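Reckoned from all heavy atoms, side chains included, excluding hydrogens, waters and symmetry mates. Owing to the predicted nature of the structure, the values given are computational and were not obtained by experimental measurement. Below, chains carry the letters A, B, ... as their sequence lines are ordered, and counting in each starts from 1.
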Amino acid sequence: MPELPEVETVVNHLSSKLRGKIISSSDSPNGYIRVFHKFSLKECDTFLYNQAIEKVWRRGKYIILSLTKGFLCIHLRMTGKFLTTLENPKDLKYISAEFTFADQSKLYFKDVRKFGRIYCCQTLNWLEEKLGLEPLSPSFTLSWLKANLKTKQRKMKPLLLDQSFIAGLGNIYTDEALWRTGIHPEKISSTLTQSMVKTLHFSIIDILNKAIEAKGTTFLSFSYGENGKGEFKDNLQVFGKQGLPCPKCNTVIVKEFIAQRGTHFCPSCQQSTHKLQENSHANITR
DNA sequence: TGAATTGTTCTACC
DNA sequence: TGGTAGAACAATTC
């Protein structure tokens, strides 16, 4: 389940391999042409023919290849990954796209679930229109976060997952950041205290940086290159830890469905305002 | 066999 | 009308 750190890992891995290559043809070995968003295979092949890859980078969870003219963007969704060699012939049925370069080397887009998409485009305007701030860019400041949480009346979990708000956070890192900050996933954004916002701001940046350092999280299926595994799984505190004790307070971590997503949190550290008030009242009267 | 999985997009609601 | 919530959707695995 690639989120920002996993996509960054893939980009870092691919960049040196792809930069300077010239695309000579595109194909779809398994015939799943829906992978080319709004393009037929022929249109994609024509668009990419003879184009050089000038730069490989990332915006949110999108991988972007800057070409001589235009861009090739890829969203991995759940199970998308890139391979430069095809070791197992059985994998062919999962290869939605195959690119051949002028030097005869190859790039395969393997996607078991087939949710991944490839976009051929002249500009990136469409992407900029739908994506919010980059959490690791200088523009993601504490004051920006404070102001933008204040003006919204949304539950924290779905808000952090909203790519038009902050681009790149997914289910794993959202749960981790909220746990670290002690914020209940259903807490309304405008009700966060100043210190909560400050901790949240720091946590998001810190978790993402540490996860990038660890080359992402391999939870179910993520890998980069042929078989690279992300090591951040060992640093997860709540995601996938339902039934286990909270590292902070030993209360059992629960998993509930919030905003149609499996959400892991500690019912003691991450209480809703209501419950916190009840408890503080109990403490006063005690 | 159908429940579970994800990010995005569409629709409905206030 | 704009902001928000929730359903739908893609396809596969176990």
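Look at OH on A/Tyr32: it is 4 Å from P on C/dA11, rounded to the nearest Å. Atoms CG (A/Leu159) and P (C/dG6) sit 14 Å apart, rounded to a whole Å. For the pair A/Asn148 CG and C/dT4 C1', the interatomic distance rounds to 16 Å; values are reported in whole Å. Distance, A/Phe115 CZ to C/dT12 P: 8 Å, rounded to whole Å. When rounded to the nearest whole Å, the span between CG of A/Leu127 and P of B/dT8 equals 10 Å. To the nearest angstrom, C1' of C/dC14 lies 13 Å from CE of A/Met78. For A/His75 and B/dT8, the NE2 to C1' distance is 8 Å, given to the nearest whole Å. When the C1' atom of C/dA11 is taken as reference, atom NZ of A/Lys81 falls 15 Å away, rounded to whole Å.
When distances run from any side-chain atom of A/Lys152 to the nucleotides B/dT5, C/dT4, C/dA11, the shortest one goes to C/dT4. Checking C/dG6, B/dT8, C/dT12 against every side-chain atom of A/Gln163, the shortest atom distance belongs to B/dT8. Of all nucleotides listed (C/dG6, C/dT12, C/dA10), C/dT12 comes nearest to the side chain of A/Tyr94. Side-chain proximity of A/Arg113 to the nucleotides B/dT8, B/dT5, C/dT4 is greatest for B/dT5. Set against B/dT6, C/dT13, C/dA5, the side chain of A/Arg154 has C/dA5 as its closest nucleotide. With B/dT5, C/dA11, C/dT13 as the candidates, the nucleotide lying closest to the side chain of A/Val112 is C/dT13. Here the nucleotide nearest the side chain of A/Phe239, chosen from C/dA7, B/dT6, C/dT4, is B/dT6.
Below the 3.5 angstrom threshold, one finds a donor paired with an acceptor across the side chain of A/Gln260 and the base of C/dA7.
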How does protein reach along nucleotides 9-14 of chain B, written 5' to 3' as B (base within reach of a heavy atom under 4.0 Å), S (only sugar-phosphate), or - (no contact)? S-----
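Residues A/Phe115 and A/His75 keep their aromatic ring centres 6.0 Å or farther apart. Proximity of the aromatic rings of A/Phe82 and A/Tyr108 is defined here by a centroid distance below 6.0 angstrom, and this criterion is not met.
Here A/Arg117 does not reach the OP1 or OP2 of B/dT8: none of its side-chain N or O atoms lies under 4.0 Å away.
Projected onto DNA chain C by closest heavy-atom contact, A/Ile188 and A/Lys114 fall at different nucleotides, the more 5' of which corresponds to A/Ile188. The 5' end of DNA chain B is approached more closely, in terms of each residue's nearest nucleotide, by A/Phe257 than by the other of A/Leu131 and A/Phe257.
Here the closest non-hydrogen pair linking A/Thr181 and A/Ser203 is OG1-OG, 3.7 Å.
The salt bridge (Lys or Arg N to Asp or Glu O under 4.0 Å) check on A/Arg34 picks up nothing, with sequence neighbours excluded.
For the residue pair A/Ser189/A/Lys152, the side-chain donor-acceptor check at 3.5 Å is not satisfied. Judged purely by distance below 3.5 Å, without hydrogens or angles, the side chains of A/Tyr173 and A/Glu6 pair a donor atom with an acceptor atom.
Among the heavy atoms of the strands lying under 4.0 Å from A/Lys255 are primed sugar atoms or P, OP1, OP2 only; no base atom is included. Using a 4.0 Å heavy-atom cutoff across all strands shown, A/Asn171 reaches sugar-phosphate atoms only and no base atom.
Sequence neighbours left out, the pairs with a member in residues 102-124 of chain A that pass salt bridge (charged side-chain N to carboxylate O under 4.0 Å, His left out) are A/Lys21-A/Asp103, A/Asp91-A/Lys110, A/Glu98-A/Lys106.
In this structure, A/Phe99 and A/Phe36 have perpendicular ring planes: the angle between them is above 60°, well past the 30° mark.
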